[in-house]
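Step one of this worksheet: look at the structure below.
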Amino acid sequence: MPIFDMFRHSWLVAGRIALFYLVFSLIWIYLGDLMLFHLIEDTNRLTRWQTYKGAFFVVLSSTLIYALILHAVKTLKREQAKAEKILSSRNTALKQRNSALKQFNYAVSHELKTPLVSIESSLGLIHSSLPQNMDPELTTAIGYARSATRQMNNLLESLLLMFQLDAADRVTGATALRALVQDAIDQLTRGGKLNGIKLTIADEGLDFCGDRNKLVQIWLHLIGNAAKYMGDQKHPAIAIGAEPVGQDIRFFVRDNGKGIEMSYQDKIFGLFDRLDKTADGTGLGLTLVKRIVEYYGGTIRVESAGAGQGSCFYFTLPDALINKDRTT
Amino acid sequence: MTKENSRVILHAEDEPAHAAIVRLALRHNAGDVQLRQVEDGRSALDYLYRRGPYENSAISPRPDLVLLDLRMPHVSGLEVLAIVKKDPELQTIPVVVLTTSDIEEDRSEARACGVDGYLTKPVDFDKFVSMISELCNTWL
């Protein structure tokens, strides 16, 4: 009997045993006494034989209890052994899957990246050696090829991050919200992605525990996206911060850029979904952000009044936040 | 033949395009540096121990810096690193790993072997070139 069925019917089994014991005991007492009254007339002998009968009953019921408990323990042990065997085989399967994932990570990290470095290096060498009067079409074509190589690399790195999400955190102690945001801003600034954009950071003194690299990716992609889809806004601005909402702390990245049409707002977190195919990007950024947010027990959504109205991403990170009560 | 006072870099790399970038970067940005390139870990060890074609110390001088790729035929970069860092004669030479692998296991293994630096090759020609120049400024 499967262990769950056994527990589901345990009250029934126990009830049956108790009822059987009750009926058997009553019949034993009644018939036993009746028989002794018929057979023995002397009161002293009758009392002695009733004591023997009682002692025999105690021995009999003890043997019965012993047999039942033994059976129950043996069944439990058998079911436990079965469950352990199933758990062990699942553990082995999980280890194999982890190993395959590790190999995939390695392949992405090294084997696929090595030829990309070779292609980009060779194209870079060719590009730097081209004479000044070269056909501009050729220069443009090399530019396209190099851009595609870098795009491929971004895609590989995003995929690698997605696969590494479920791996153990590299926790490096408490990290302040401002430090994470600043890290993302520094990376984007180095790539010239935030030129001319006014940034506002509302520092709420919040601290996080978790994998710094994973957490930075959230702001890196959200701020990067806000900057990328700024459109022809004359006064581009991005506001980053956190605010209390009920018992939770809600983070936001708000921009006054192109905005997102209502009909597309559900699509943007999908794998490889890009609303603007002409913009740089892999279509994995927001999917990655959503997965990181969910990894830390949070949710993410976007609000935008529509095209040209700017947009605001709201998200929570309950499992990564240390001092949740500081802003409440 | 080597020039006096010039610095020598031994670079072990099996990818010709990656080796070419290092050559180009050093030619343009690293001043008086002599680059010796080998295609795998075994040749790197032959060079360091002056075996076979590298017997002549005038042609194959002791390097001031060793750059190692991790995955190479015959003998890996990690094996070369471990041998160099265990050898009292060679362990003072700085060894920097230059690889495409960014996985933590490779980094920690290299650290455990006593690597002096660990750099990930960028998929960007200009960044790669400037990384090599900075590397020389730091270690030479």
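Values reported hereafter were calculated over all heavy atoms of this structure, with side chains retained and with hydrogens, waters and symmetry mates removed. Residue numbers start from 1 in every chain, and the chains themselves are labelled A, B, ... in the order their sequence lines are given, proteins ahead of strands.
The pair B:R107-B:D102 meets the salt-bridge criterion, with a side-chain N (NZ, NE, NH1 or NH2) lying under 4.0 Å from an Asp/Glu carboxylate O. Here A:D255 does not pair with A:K228 in a salt bridge; the nearest charged N to carboxylate O distance is not below 4.0 Å.
Side-chain atoms of B:H18 come within 3.5 Å of backbone atoms of A:T114 as a donor-acceptor pair (strictly under, hydrogens ignored).
If you measure heavy-atom distances from B:P16 to chain A, you find no contacts under 4.5 Å at all.
With chain A as partner, the option from B:E15, B:R71, B:K121 having the largest number of non-hydrogen pairs under 4.5 angstrom is B:R71. Annotation: maximal heavy-atom pairing with chain B below 4.5 Å, among A:S128, A:P115, A:S121, A:S122, occurs at A:S121.
Ring centroid separation for the pair A:F208 and A:F251 comes in under the 6.0 Å cut-off.
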